[in-house]
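For reference, the structure is listed below as structure tokens.
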Amino acid sequence: VFHLVELCSFSEEFDAVVVGASGGIGTAFADLLSDAPHCRRLFLTSRNQASFSYQRSERVALELTDESSIASAALKVSAKGSPRLVIVCTGHLHDDEGRRPEKALRDLDAQSLAHGFAVNTIGPALVIKHFAPLLPKEGKSVLAVLSARVGSISDNHTGGWYGYRAAKAALNQIVRTAAIEVQRQRKEAILVGLHPGTVDTSLSKPFQGAVRADALFSPRESAVRLLRVIDGLTPDQSGQLFAWDGARIPF
Ligand SMILES: NC(=O)c1ccc[n+]([C@@H]2O[C@H](COP(=O)([O-])OP(=O)(O)OC[C@H]3O[C@@H](n4cnc5c(N)ncnc54)[C@H](OP(=O)(O)O)[C@@H]3O)[C@@H](O)[C@H]2O)c1
């Protein structure tokens with residue numbers, strides 16, 4: 001069921017960029033786009049020396065916490081094409097350096113909060129800054145940033161995860177604000193946040209205990225569903241946050 005995605009809504013052959021193609025969901029997007037019939041060139045970014053062996057693909061170095069690296073990645077892409085689809089799949093929830101989502105106020109730590117904001121908000125904001133100008137002036141284009149349902153303020157009924165929630169809420173606001181600006185010059189450009197569902201990747205591993213087996217997606221399943229959502233998006237939906245099933249998530 002979860003194989004080829006046609007992406008018919010993009011009028012012609014298009015170039016695509018996956019930022020964070022080494023991650024769980026990013027790898028699934030890279031797999032699917034490398035097989036997508038209309039995808040002409042695929043730019044895959046990673047901060048490490050990950051090697052990608054897809055046809056028509058090129059690796060581009062991009063470290064989110066270094067704006068000059070984001071700017072050079074955009075320059076490298078722009079020298080070869082004008083991407084119609086940019087998907088930002090980076091993110092941070094926990095790591096080997098002891099950072100964990102906070103359970104209570106007593107867990108708040110300035111450096112951890114700053115790190116979460118750097119990766120989950122500021123990095124993607126700068127990716128939008130440098131990649132939105134590469135979108136073609138005419139025709140449908142999509143710049144989608146993986147966000148999370150827990151970034152929705154109105155949906156927050158359980159608390160916890162202060163930093164991640166706040167960083168994703170701020171990311172949603174950045175996407176919304178950029179969507180308004182970008183549409184002034186690119187009427188058919190669509191900027192959205194996407195919630196991938198709970199996906200079996202290293203990011204969610206420590207927190208999968210409470211998740212029902214049928215509510216845990218494989219990365220491929222999530223990426224296929226999100227590509228279908230992307231394919232169905234229209235310019236009047238720009239600036240919003242959508243879940244894997246196409247439902248809009250209120251901020
Ligand atoms: N998995 C879920 O259940 C879930 C649920 C809701 C939302 N999301 C969101 O979906 C997105 C993808 O998550 P995932 O599950 O695929 O996570 P993942 O497997 O941990 O992938 C995260 C990606 O971010 C990259 N990254 C982290 N810090 C970076 C930096 N400083 N510079 C450049 N790249 C950096 C990682 O690069 P390295 O490979 O080099 O570490 C990796 O490619 C995230 O935004 C996450 O918040 C995930």
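Computed from a predicted model, the values in this text were never measured in an experiment. The residues of the chain are indexed from 1 along the displayed sequence.
By the 4.5 Å heavy-atom criterion applied to side chains, Leu226 and Leu146 are counted as neighbours. The shortest distance between side-chain heavy atoms of Arg176 and Phe251 falls below 4.5 Å. Within the 4.5 Å cutoff, no side-chain heavy atoms of Asn172 are placed close to those of Ile174. At a threshold of 4.5 Å between non-hydrogen side-chain atoms, the residues His38 and Glu12 do not count as touching. You'll find the side chain of His195 reaches within 4.5 Å of the side chain of Trp244, heavy atoms only. Residues Leu194 and Val229 are in side-chain contact: their nearest non-hydrogen atoms beyond the backbone lie under 4.5 Å apart. Residues Glu181 and Arg184 meet the side-chain proximity criterion, which asks for heavy atoms closer than 4.5 Å. In this structure, Ile70 and Asp66 have side chains that are not in contact, with every pair of non-hydrogen atoms separated by 4.5 Å or more.
Note that the CG atom of Leu233 and the CG atom of Asp236 stand 9.5 Å from one another [nearest 0.5 Å]. Rounded to the nearest 0.5 Å, atoms CD1 (Ile25) and CZ (Arg220) are 14.0 Å apart. Atom NZ of Lys168 is separated from atom CD1 of Ile153 by 14.5 Å, given to the nearest 0.5 angstrom. Annotation: the span from Phe43 atom CZ to Asp15 atom CG amounts to 5.5 Å, rounded to 0.5 Å. Atoms OG1 and CD1, from Thr65 and Ile122 in turn, are 10.0 Å apart once rounded to the nearest 0.5 Å. The OG atom of Ser72 sits 8.0 Å away from the CG atom of Leu62 when rounded to the nearest 0.5 Å.
A donor-acceptor pair under 3.5 Å is absent between the side-chain atoms of Glu102 and the main chain of Ala104, judged by distance alone. Here the side chain of Arg165 pairs a donor or acceptor atom with the backbone of Gly160 at under 3.5 angstrom. Remark: the backbone N or O of Cys39 is not paired with any side-chain donor or acceptor of Glu13 at under 3.5 angstrom. Remark: side-chain polar atoms of Arg41 are paired, donor with acceptor, to backbone N or O of Lys80 under 3.5 angstrom. Between the Arg186 side chain and the Lys140 main chain, no donor and acceptor come within less than 3.5 Å of each other. Between the side chain of Ser22 and the main chain of Ser46, no donor-acceptor pair closer than 3.5 Å is present. In this structure a side-chain-to-backbone donor-acceptor pair under 3.5 Å is present from Gln237 to Thr234. Formation of a donor-acceptor pair under 3.5 Å by the His94 side chain with backbone atoms of Leu203 is found in this model. Side chain of Arg248 to backbone of Leu241: no donor-acceptor contact under 3.5 angstrom is found.
Heavy atoms of other residues, nucleotides or ligands lying less than 6.0 angstrom from CG of Leu108 number more than 12. At most 12 non-hydrogen atoms from other residues, nucleotides or ligands lie less than 6.0 angstrom from NZ of Lys103. Applying the 6.0 Å contact sphere to CG of Asp214 captures more than 12 heavy atoms from other residues, nucleotides or ligands.
Taking each heavy atom of Ser147 and Pro196 in turn, the nearest pair found is O-CD, 3.8 Å. Heavy-atom minimum distance, Thr201 versus Pro219: CG2-CG, 4.1 Å. Of all non-hydrogen atoms in Gly20 and Cys89, the two that sit nearest each other are O-CB, 3.9 Å. In plain terms, the two heavy atoms of Ala30 and Leu42 that are nearest each other are O-CD2, 3.7 Å. Across all their heavy atoms, Val18 and Gly26 have their closest contact at CG1-O, 3.8 Å. Here the closest heavy-atom approach between residue Leu191 and residue Ser238 is recorded as N-OG, 2.9 Å.
Both Leu44 and Val142 sit in one connected hydrophobic cluster of ILVMFWY residues. Membership requires side-chain heavy atoms under 4.5 Å apart, directly or through other members. Using a 4.5 Å cut-off between side-chain heavy atoms of Ile, Leu, Val, Met, Phe, Trp and Tyr, with links allowed through other members, Leu216 and Phe207 fall into different hydrophobic clusters. Placement of Val19 and Leu171 within a single hydrophobic cluster is found when ILVMFWY residues are connected by side-chain heavy-atom separations under 4.5 Å, directly or transitively. Side-chain heavy atoms closer than 4.5 Å link hydrophobic residues (I, L, V, M, F, W, Y) into clusters, and following such links, possibly through other members, connects Leu32 to Val192. Taking hydrophobic clusters as Ile, Leu, Val, Met, Phe, Trp and Tyr residues chained together by side-chain heavy-atom distances below 4.5 Å, Leu85 does not share a cluster with Val88.
Judged purely by distance below 3.5 Å, without hydrogens or angles, the side chains of Arg59 and Ser51 never pair a donor atom with an acceptor atom. For Ser9 and Asp231, the side-chain atoms include at least one donor-acceptor pair closer than 3.5 Å.
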Open item on the list: Please evaluate residues Arg56 and Arg40 with respect to the criterion side chain to side chain contact (heavy atoms under 4.5 Å, CB included), reporting the C-alpha separation (whole Å), side-chain torsions for both, the decisive distance (0.1 Å), and the verdict.
Closed with: CA-CA 7 Å; Arg56 298 170 285 132; Arg40 180 176 45 193; 5.5 Å; no

TODO: Quick one: do Leu143 and Val175 satisfy side chain to side chain contact (heavy atoms under 4.5 Å, CB included)? Show the steps, please.
DONE: CA-CA 9 Å; Leu143 197 167; Val175 169; over 6 Å; no

- [ ] Go through Arg225 and Asp245 one step at a time and tell me if the side chain to side chain contact (heavy atoms under 4.5 Å, CB included) criterion holds.
- [x] CA-CA 7 Å; Arg225 291 184 188 277; Asp245 58 357; over 6 Å; no

- [ ] Begin with the C-alpha distance, continue with both residues' side-chain angles, and end with the deciding distance and a verdict on side-chain hydrogen bond (donor to acceptor under 3.5 Å, both in side chains) for Ser112 and Asp109.
- [x] CA-CA 5 Å; Ser112 291; Asp109 172 79; 3.2 Å; yes

Open item on the list: Between Phe52 and Glu58, does the side chain to side chain contact (heavy atoms under 4.5 Å, CB included) criterion hold? Intermediate values first, please.
Closed with: CA-CA 8 Å; Phe52 304 106; Glu58 188 171 326; over 6 Å; no

TODO: Could you give me the CA-CA distance, side-chain angles and deciding distance for Asp107 and Arg100, then say whether salt bridge (Lys or Arg N to Asp or Glu O under 4.0 Å) is met?
DONE: CA-CA 9 Å; Asp107 300 327; Arg100 291 275 171 281; over 6 Å; no

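Here Tyr164 and His92 keep their ring centres 6.0 angstrom or further from each other.
Ring orientation note: the planes of Phe10 and Phe14 are tilted relative to one another, at an angle of 30° to 60°.
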Tell me which donor-acceptor pairs under 3.5 Å the side chains of residues 127-139 have, and how far apart each pair is, sequence neighbours excluded?
residue	atom	partner	partner atom	Å
Lys129	NZ	Glu67	OE2	2.7
His130	NE2	Glu67	OE2	2.7

